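Remember, predicted model here, so these are calculated numbers, not experimental data.
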Amino acid sequence: MVPPADGHDTIGQFIPSAHGNGLVEVSLPGFPTQLDDRVIKTSKQLGGRFHYNVDLNAGKALGFGWVQSSIGHSRRSSGATAYLEPVLNRTNLDVLTNTIATRVLPSKNSPLTLNIVEIATSGQPSSPRHNITATQELIVSAGVVNTPHLLLLSGIGPSSALRTAGITPILDLHGVGQNFTDHPFIPNYFTVNSNATFDDVLRNETIFSANLAQYMASGQGLFVITPANTQSFMRLPKSSPLLKRFGDPSSGPGSGHTEFVFMDGFAAFGPLPQPSTGHFLTLATAVVSPLSRGNISLSTTSPFDQPLIDPAVLTHEFDVGAIVQSMKDAQKFVSAPAWDGFVVAPFGDLAQATTDELKAAYAKKYATTVNHPVGTAAMSPKQANWGVVDPDLRVKGVEKLRIVDASIFPVIPEVHPQAVVYTVAERAADLILRSL
Ligand SMILES: Cc1cc2nc3c(=O)[nH]c(=O)nc-3n(C[C@H](O)[C@H](O)[C@H](O)COP(=O)(O)OP(=O)(O)OC[C@H]3O[C@@H](n4cnc5c(N)ncnc54)[C@H](O)[C@@H]3O)c2cc1C
């Protein structure tokens with residue numbers, strides 16, 4: 001945890017002892033918005049399911065509190081900046097840019113050993129192809145969409161679907177590309193009585209350029225934030241009929257079912273563009289323990305064509321019911337006294353979404369994903385007949401091929417996934433070292 005960009009006093013905004021000094025830099029919001037105090041005050045006033053949580057990353061994820069972002073010294077801190085850049089001068093490391101892996105290939109059929117990667121060195125369909133053979137093992141980390149894409153192109157996946165797509169199967173592994181899970185997300189828009197939202201920054205090129213210039217020159221101002229400074233994770237009410245009907249899909253009583261993210265302006269998620277006039281609050285709500293499952297499949301046999309992605313957003317009734325509950329919770333939250341004189345009214349279709357049925361229709365119209373997909377090469381127990389990798393992240397039924405990315409998550413975490421991806425990667429590094 002490093003100081004926020006604006007250097008403000010963070011006492012009471014996080015629990016220092018819950019944070020270490022790892023490689024990825026994390027900080028609290030470095031530019032205040034007019035929503036921040038209102039959110040914190042309301043959560044302290046309402047309590048219960050809406051309670052304040054001083055540090056959402058200190059082991060108890062429920063409640064309302066400050067967003068912690070992987071931002072250090074006003075810049076994004078990431079796997080690239082924290083882990084890769086510092087070791088780029090190592091003699092045993094080569095990074096090939098503008099290069100894509102097009103297939104993994106066997107060096108031996110019995111036992112099936114997949115330790116050759118075919119690459120296209122200029123990243124174009126016409127690029128020359130080269131094969132690189134790993135002496136130890138291949139590690140695929142192409143992400144939730146492209147890891148299953150690469151496996152399917154290589155003939156690893158559901159055999160009948162592969163044959164239909166024109167690929168000769170080399171390993172019948174049904175889980176490849178299945179179990180796609182993401183957090184469905186909707187914007188709840190409210191008109192507000194304020195000229196200080198970020199709406200005019202997005203509408204007016206001069207104001208936008210001034211904000212950008214300030215950020216570039218000093219690392220300060222609006223562009224230093226994500227732009228959400230506060231958020232929450234909430235449980236459904238204990239009496240919710242959804243829990244009775246579907247059981248509890250979360251990982252336990254300390255984990256959320258829904259999330260709120262507060263943005264000080266019109267965030268154009270979903271089908272509606274930013275209106276040309278007016279000032280807004282976007283209270284985005286998400287389901288973080290969804291039961292809908294989508295999939296990734298081949299559109300063609302070319303590695304240069306995107307695969308088909310079916311995110312299956314809000315296709316399970318639990319998810320629809322939970323997002324409707326989040327909309328009611330959002331309305332209750334912004335009706336608290338701290339918002340008096342600021343929030344004017346629900347905006348657009350939300351104003352008409354007065355019943356559960358109409359809220360569900362609104363959610364289906366406006367839903368998108370939070371870009372938190374996981375699960376398309378899921379980890380399962382060693383003997384399980386489902387899943388794609390064993391607990392040591394080795395691909396089932398294959399030698400010398402491991403997967404390390406968010407595709408191996410069997411279930412979606414009820415939080416944002418970046419830190420969990422890094423945790424998996426750290427664990428994988430230990431497993432790989434131990435196996436050498
Ligand atoms: C717009 C957006 C916003 C997000 N915001 C947040 C957030 O605020 N907080 C949070 O926790 N999470 C966020 N996420 C989610 C987070 O970024 C992902 O969960 C995480 O990056 C997944 O890591 P990964 O290693 O599985 O895959 P990735 O980070 O996607 O890495 C895969 C890598 O493989 C490369 N690759 C793919 N195919 C090939 C190929 N064939 N050959 C060679 N290389 C290939 C890609 O270029 C990429 O570099 C966001 C995601 C998006 C898209």
Side-chain angles (χ1 to χ4, degrees), residues 99-105 114 117-120 123-127 129 140-186 269-271 286-287 290-320 323 363-380 386-389 395-396 398 401 403-412 417 421:
T99 298
I100 76 156
T102 48
R103 275 186 305 170
V104 294
L105 301 166
L114 285 162
V117 61
E118 178 191 74
I119 58 170
Q124 301 297 326
S126 58
S127 312
R129 305 293 160 88
V140 177
S141 301
V144 169
V145 173
N146 286 320
T147 285
H149 190 211
L150 189 65
L151 294 183
L152 293 170
L153 290 168
S154 308
I156 306 163
S159 292
S160 59
L162 287 175
R163 276 197 203 93
T164 309
I167 300 272
T168 307
I170 59 169
L171 181 70
D172 189 18
L173 206 49
H174 284 259
V176 176
Q178 304 305 305
N179 191 46
F180 181 105
T181 315
D182 203 344
H183 296 149
F185 185 59
I186 57 158
F269 305 115
V287 179
L291 286 175
S292 303
R293 297 291 180 265
N295 62 69
I296 304 285
S297 60
L298 291 174
S299 57
T300 73
T301 56
S302 167
F304 297 92
D305 291 334
Q306 299 297 327
L308 301 172
I309 305 172
D310 178 4
V313 173
L314 294 184
T315 51
H316 194 287
E317 277 184 67
F318 174 87
D319 302 0
V320 177
I323 207 112
K364 285 179 185 165
K365 178 172 173 190
Y366 283 85
T368 176
T369 84
V370 196
N371 295 304
H372 292 166
V374 303
T376 51
M379 175 172 59
S380 67
W386 59 277
V388 174
V389 297
V395 175
K396 288 172 181 288
V398 175
L401 186 63
I403 299 176
V404 184
D405 59 31
S407 67
I408 66 96
F409 295 15
V411 292
I412 196 161
V421 172

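- Inter-residue side-chain proximity for Leu401 and Val140 is flagged as met; some heavy-atom pair is nearer than 4.5 Å.
- With hydrogens and angles ignored, the 3.5 Å screen pairs a side-chain donor or acceptor of Ser154 with a backbone N or O of Val104.
- Under the side-chain contact (heavy atoms from CB on, under 4.5 Å) test applied with Lys396, the options Val389, Leu173, Ile156 reduce to a single match, Leu173.
- Taken from CD in Gln306 to CG in Asn146, the straight-line distance is 6.5 Å, to the nearest 0.5 Å.
- Looking only at distances, no side-chain donor or acceptor of Thr181 sits under 3.5 Å from a matching main-chain atom of Val411.
- Contact check for Asp319 versus Leu291: side-chain heavy atoms found under the 4.5 Å cut-off.
- Note that the CD1 atom of Ile309 and the CZ atom of Phe180 stand 6.0 Å from one another [nearest 0.5 Å].
- Between Gly123 and Ser127, the shortest heavy-atom contact is N-OG, 3.3 Å.
- Residues satisfying the side-chain hydrogen bond (donor to acceptor under 3.5 Å, both in side chains) test with Ser297, not counting sequence neighbours, are none.
- To the nearest 0.5 Å, the span separating CG on Leu114 from CG on Leu151 amounts to 9.0 Å.
- Pairs engaging residues 293-316 under the ring pair (Phe, Tyr, Trp, His ring centres under 6.0 Å) rule: Phe246-His316 [sequence neighbours left out].
- Between the side chain of Thr376 and the main chain of Val144, a donor-acceptor pair closer than 3.5 Å is present.
- The shortest distance between side-chain heavy atoms of Val395 and Ile403 falls below 4.5 Å.
- With hydrogens and angles disregarded, no donor-acceptor distance shorter than 3.5 Å links the side chain of Thr102 to the backbone of Ala120.
- Looking only at side-chain heavy atoms (C-beta outward), Asn371 and Phe185 stay at 4.5 Å or farther from each other.
- Distance check: Glu118 CD to Leu150 CG gives 9.5 Å after rounding to the nearest 0.5 Å.
- For the atom pair NE2 (His149) and CD1 (Ile296), the distance works out to 9.5 Å, reported to the nearest 0.5 Å.
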(message) Run Leu153 and Leu298 through side chain to side chain contact (heavy atoms under 4.5 Å, CB included) and show every step you take.
(response) CA-CA 8 Å; Leu153 290 168; Leu298 291 174; 3.8 Å; yes
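- With a 4.5 Å cut-off on side-chain heavy atoms, Pro290 and Pro184 count as touching.
- A 4.5 Å side-chain heavy-atom check between Leu152 and Val176 finds at least one atom pair inside the cut-off.
- The two residues Asn179 and Ala378 make their nearest non-hydrogen contact at ND2-CB, 3.8 Å.
- Taking each heavy atom of His372 and Ile412 in turn, the nearest pair found is O-CD1, 3.4 Å.
- Note that CZ of Arg103 and OG1 of Thr301 are 10.0 Å apart. Values are rounded to the nearest 0.5 Å.
- For the residue pair Val388 and Gly175, the shortest heavy atom distance occurs at CG2-C, 3.4 Å.
- Side-chain atoms of Asp182 do not come within 3.5 Å of backbone N or O of Thr369 as any donor-acceptor pair.
- For the residue pair Thr147/Asp405, the side-chain donor-acceptor check at 3.5 Å is satisfied.
- Not a single donor-acceptor pair under 3.5 Å links the side chain of Ser292 to the backbone N or O of Val313.
- Closest heavy-atom contact between Gly387 and Ser380: CA-OG, 3.8 Å.
- Val287 places none of its side-chain heavy atoms less than 4.5 Å from the side chain of Val320.
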